[in-house]
Every structure is written in structure tokens, then in C-alpha cells.
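Reading through the C-alpha cells given below for one structure.
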Amino acid sequence: MSLKVYNSLSRSKEVFTPITPGHVGMYVCGPTVSGESHLGHARPYITFDVVYRYLQHLGYKVRYVRNITDAGHFEEEGREAEDKISSKAVLEKLEPMELVQKYTNLFHWAMAQFNNLPPSIEPTATGHIIEQIVMIQQIIADGYAYEINGSVYFDVNKYNHHFSKQDLPYGILSGRNLYEQLDTTRDLSNQDEKRNKSDFALWKKAPPEHIMRWQSPWGEGFPGWHIECSAMATKYLGKQFDIHGGGMDLQFPHHECEIAQSTVCNHTPPVKYWLHNNMITINGRKMGKSYGNQIMLSQMFAGTHPLLTQAYSPMTIRFFVLQSHYRSTLDFGNDALKASEKAFKRLWEAYENVQKMGTVGMSDTPSDADLDAKVNGLLAEFAEFMNDDFSTPKIIANMFELVPIINGLKNNQLAKSSFSSATFVNLQQQMHLYIEVILGLRQEQTQNDQLEGVLQLLIDIRKQAKANKDFVTSDKIRNELAALGVMLKDEKGGEMSYTIV
RNA sequence: GGUCCUGUGGCCGAGUGGCUAGGCAGAGCUCUGCAAAAGCUUCUACAGCGGUUCGAAUCCGCUCGGGACCUCCA
């Protein structure tokens, strides 16, 4: 049973075979830290966090590189060179690097909330200006870029003409035909200095008002949109690496340009497997800057957005994301989020309970062989589903088939002897492995010993009241705790537990 | 206009031609001092019209609807 991934380049599922046995190099496009991350950003970083976790689980030594784009790129070609980061800085009266630091910190905070593992290397664009300049020089030397008025452009036509002969035409990833493209590219002003409309900037001359600027062989300026990823990926992962991830919206032009740049410099296509996650939509429309429909992550966590009827915790969002396949669009909605919130709580409680249970009452031979086989079958499918292009929704579906079995065992609605102790231990181990280690889910609220003690005391008093048939006291404790958001649950056998809403 | 994706029950969402996805919500039952929780059972589907096939949500065609990219975007 081997891992298969959907490769955007071939448009098909392929068996994953790393270039260097035992090792995996993975690059994922990181955020532009000119603003706060929104719900849409949560998707790729959660998706590729699970990919990272699973590859490690499979025993690979993974180098996961995710950049921070902290050098401004222009808003739109043709407009006056306008640096996203520097213009925002003027607005907020902050130094550019102060702004960058602020949003980088916020991004890291959000990632930690989601329980995303930090990447192995998190390089910044501004820390790799030299590497980018060197790469641009190489492209010029090879004849695929030209300098005009202090800016450098990639010659897409020439690249396409030459590399088409090697079956590496420009547009290979996004399925675009360059010649069709030329007809459909919009007419933008101030493109005179480019030889062709489809050429893209590698280096841009900085106008006087531009704050972020660096010395280069072509004068003071700043790097183009795409070169940072090529330069940093090459530096840390080599001329060819295994996985490049990112959102589908980056496929063109960003990833297409990366391929062109790196192929010229490294004389080989840079990436073996291109993985793209689909978008999070809101009312059927992509969440994005251009639509002005983003909900910031801090707003999600706090419930402070007109479209939110309540706050949603990081684990609710992580679970929500993992309940759909990463290549499908996922539509935001309060009802859907609420469903995920409840579902995750139910799953987590069952998970905690199964970990606490022992094998007392179980033997080597199950009394219900069908059930025993069913449980083992459901567990065995975890790996199968994960190997099938990371089908996390199917894993979660299987887990929910196990939940009633676990709850039944706990409440003695199902005989302990139903399945073998080996099966039960397998259940405990696989649930732990997939819920915590691979899907990266974790307990919602942090433990608070004092609160725990107080609640335990109230539970004891209520138990006593119930034993004395003092239902006035018993109901008072239950109702008033419920009003405070603590749900008490009477379990079979007289035990009580609580859930904080 | 070009390229591509998509349309599943009240909501979200898996679905690799034949076998109940799953979650949330709804209904009934069991349990319970009552309730909740839990367990058991259960109702709502495959946009429409044709075609291929013994058999289609799944393949093909058309129609209608939604969306993405072609511009910064996860």
C-alpha cells in the first residue's frame, strides 16, 4: 500500500516516490505579511501540515520550507509601482519592517492556535535578496531575461519557444497555451518597456517614494513577484525537490513563473509533485482580498464579524477544514461550522474515553466476531484513505462509526467481551495516531486545575443530593452550571462528567 | 472572450458503474427522579433532458445554474 498524491502537473494521482529515498523536500507558499490572515489562509496551512505530519509518520525525513513574503510586490502591473507593504505602512504610520513583524507575529499566533507544526525552515524574502539577484543574473546570462530602465523582465516567448521542444512549454502546469494567452491578456497601460505582454518582472526599479529598496546590478529596486520562491526553494531544497504546495489560485501565474525561472537556472523542472488546495468560499464565492469578503482569523476566534453568529475555536475550524477533501471547495457557513463544532466535541469525548478505558473484561477471543472484524476493518482503512491523496473526510467518517462503539462500551450498552483485547488496544493506538499525531487535533480548552477542582466539588455535592433524592439541590446545580456554559452529563452507573460549551 | 472546475437529502459534505459514506438538524424507542448525554431504529438525495450499459450520482452529449483562473490573492 503506497501513498498516492494528485499531481496538478499530470492532472492525475501518482504513486509518491521521493527523489532521494527516505527524504522529502516540501515547499509551500507562505503568507504575504502585509495584513492579517483570514479564514481562507487557514486551509493550505492546515492541509499541508497534515501532509507534513503524514509523511513524517511514514518514516520520511521531511524538510518543510514555508516562506514569509515580507518584501512588497506591486499591486498590479502597469499601475505606478506601488508596494503593498510600503503603502500600508504609510497608512498605519509604521515602519515597513515593524508592519511586517506585526503581521508575522499574528500569523505565527494563528498557526499555533491551529496546532500546525512549525516548518523546518521559514525563510523571508528580504533575507534572500542576494540569492534572488544571483538567480536573476543567471537568467539574464542564459538569455531568458532582459534589462530595461533598471527593471528586469523574463522573456516568456523565448522560454516557451525553446523549452517547448523539451515538452516544457510555458503554461505546462496551468494548462494554458501561450499563444491563446496573448490574445486574452488584458491591455494594461505602461507596459511599453516589456517586449511582450506575458513577460513578467524579475526585478523592478524603485520609484523615489518606494521605501523598501535594495541595491542591485540594475540600480535600486526590489524583487519581482515570483523570484523569491524559486530562489529560496532552490537554496534549501535543491534544484529538484519533491513537493510544492499552495492554493489553486497560485497555479497561474505564480507557480508557472517559478517553473520557468527555475528550469532556466537549474536546467531541470524544479518540482516532481505539485499539490494545490482548493479555496474556501463564502456564499459560493472565493474568500479573497478582491472580493472584500474575508473573515480574519482573529474575528473567527472571537466571533466578531457581522457574518458570524458566534465564535469558532481553532480546533472547530481545523476539524471543519479536514472534513472536506483539500481539492474541493469548502463553503463557509455558520450552520456548517456549528455542525463541526458539535461533531468535534463528540469525537473528542469518545476519544478521551477510549484512552481511559482498560481491557478488563476482554479476552483474546471476541464474543462478537463480526464487530471485532468491523472495528479492525475501520481502523485499517485509516491508512488506506490517507494514502489515497489524503482523504481526511473518509477517515473522519470511519471515526464516527467507531464513536457509538466506544460510547456503548463506556456505558455498558455494549459488552466488553464483544471484541478482543488486542482489537481494543489497536483501537486506542490508531485513534491516538490519527486524531492527534496525523490530523493534528487536540483538546480544545487548556486544563485549569482550579476550575477542575471546583467543578469536581459541585459534582460530588450533586451526587450526594441525588442520592438523598434532593432534586431541588441537584437541579439547581445542574441548571445554574448550564447557564454558565458548563453542561453536566449523568452517565450510566451514576458517574457525572461535564463539557464546557 | 479563452482555459478549467462544479451542481448530492433541511444544512455541510464523501463518493473510484452494482454494496447504508459521515456530521449537524428532524422523528420514534431504550435508559433516566426529570432533562441532557449515550445507545438502538428511522425519514428527506443525486439540477434537467437524452444516450451508452444487464445496471449510472458515477461514463458521453445537450440545456440550465454556480464558481475559479486569465490581475495581487492561500
Side-chain angles (χ1 to χ4, degrees), chain A residues 11 13 28-32 34 37-48 72-79 82 84 171 174-177 180-181 183-186 188 198 225 245-254 276-281 283-291 294 319-320 323-325 327-344 346-347 349-350 385 388 391-401 403-414 466 469-471 474-475 478-479 482 487-492 496-497 499:
Chain A
R11 279 167 264 273
K13 278 185 200 170
V28 173
C29 289
T32 301
S34 61
S37 300
H38 59 76
L39 179 60
H41 293 103
R43 191 137 195 222
Y45 305 129
I46 291 172
T47 296
F48 291 106
H73 296 181
F74 359 105
E75 285 286 354
E76 192 176 304
E77 273 206 89
R79 277 194 200 169
E82 181 185 349
K84 254 200 292 191
S174 53
R176 274 155 220 276
N177 179 311
E180 283 171 3
Q181 259 233 210
D183 298 332
T184 59
T185 307
R186 284 197 212 168
L188 299 170
S198 48
W225 319 337
M248 275 185 185
D249 52 350
L250 296 182
Q251 216 168 324
F252 188 91
H254 184 59
H276 290 101
N277 64 277
N278 215 319
M279 302 291 104
I280 287 185
T281 59
N283 294 321
R285 177 147 232 139
K286 174 185 165 185
M287 189 176 286
K289 276 181 201 118
S290 341
Y291 303 116
Q294 316 116 288
F319 188 76
F320 174 67
Q323 263 188 308
S324 73
H325 191 263
R327 280 190 294 108
S328 301
T329 54
L330 174 59
D331 200 51
F332 161 86
N334 281 290
D335 290 347
L337 263 308
K338 275 182 212 162
S340 289
E341 182 178 56
K342 290 196 70 169
F344 174 63
R346 199 163 104 90
L347 176 65
E349 280 181 24
F385 292 152
D388 184 18
S391 294
T392 56
K394 289 184 174 177
I395 291 175
I396 292 173
N398 270 21
M399 285 178 178
F400 274 103
E401 296 217 38
V403 164
I405 295 171
I406 293 167
N407 288 337
L409 272 185
K410 176 167 191 293
N411 297 324
N412 296 316
Q413 288 152 316
L414 187 65
K466 278 188 70 173
K469 302 239 190 276
D470 176 6
F471 298 123
S474 157
D475 287 356
R478 184 175 71 195
N479 296 339
M487 303 297 295
L488 287 185
K489 288 183 278 194
D490 295 348
E491 291 166 2
K492 311 278 182 203
M496 288 178 206
S497 64
T499 302

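What you see is a predicted model; the values in this text were computed from it and never measured. In what follows, chains are A, B, ... by sequence order, proteins preceding strands, each numbered from 1.
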Closest to the [X] side chain, choosing from [options]:
X        : options             : result
A:Phe252 : B:C73, B:C69, B:A35 : B:C69
A:Gln323 : B:C69, B:A35, B:G22 : B:G22
A:Tyr291 : B:C69, B:A36, B:C73 : B:C69
A:Ser391 : B:G67, B:C73, B:G15 : B:G15
A:Pro253 : B:A74, B:C70, B:G39 : B:C70
A:His325 : B:C73, B:A36, B:G15 : B:G15
A:Phe400 : B:A68, B:C73, B:G22 : B:G22
A:Asp335 : B:G22, B:C11, B:C12 : B:C11

Quick one: label [X] by what it contacts on the DNA or RNA (base, sugar-phosphate, nothing), any heavy atom closer than 4.0 Å.
X        : value
A:Asp490 : base
A:Phe48  : nothing
A:Phe344 : nothing
A:Asp331 : sugar-phosphate
A:Ser290 : base
A:Leu347 : nothing
A:Asn277 : base
A:His38  : base
A:Gly175 : sugar-phosphate
A:Lys466 : base
A:Lys286 : base
A:Ser328 : sugar-phosphate
A:Met248 : nothing
A:Ala397 : base

Can you tell me how the ring of A:His38 sits relative to the ring of A:His41, calling it parallel under 30°, perpendicular over 60° and tilted otherwise? tilted
Using the [atom1] atoms only, state how far [M] lies from [N], rounded to an integer number of Å.
N     : M     : atom1 : value
B:C4  : B:C24 : C1'   : 33 Å
B:G33 : B:U44 : P     : 36 Å
B:G13 : B:G7  : P     : 11 Å

If pairing means Watson-Crick or G-U wobble with both distances under 3.5 Å, then the partner of B:A38 is B:U30
B:C69 pairs with, by Watson-Crick or G-U criteria that keep both distances under 3.5 Å: B:G2
Any side-chain N or O of [X] below 4.0 angstrom from OP1/OP2 of [N]?
X        : N     : value
A:Asn407 : B:G39 : yes
A:Lys13  : B:U16 : no
A:Arg346 : B:A38 : yes

Answer yes or no: side-chain N or O of [X] and base N or O of [N] forming a donor-acceptor pair under 3.5 Å.
X        : N     : answer
A:Asp470 : B:G33 : no
A:Arg478 : B:A35 : yes
A:Gln413 : B:A38 : yes

Measure the distance from [atom1] on [X] to [atom2] on [N] and round it to the nearest whole Å.
X        : N     : atom1 : atom2 : answer
A:Leu330 : B:A74 : CG    : P     : 17 Å
A:Leu488 : B:A38 : CG    : P     : 15 Å
A:Leu250 : B:U71 : CG    : P     : 14 Å
A:Leu414 : B:G39 : CG    : P     : 11 Å

Just wondering, do A:Phe471 and B:G33 stack (centres under 5.5 Å, planes under 30°)? yes
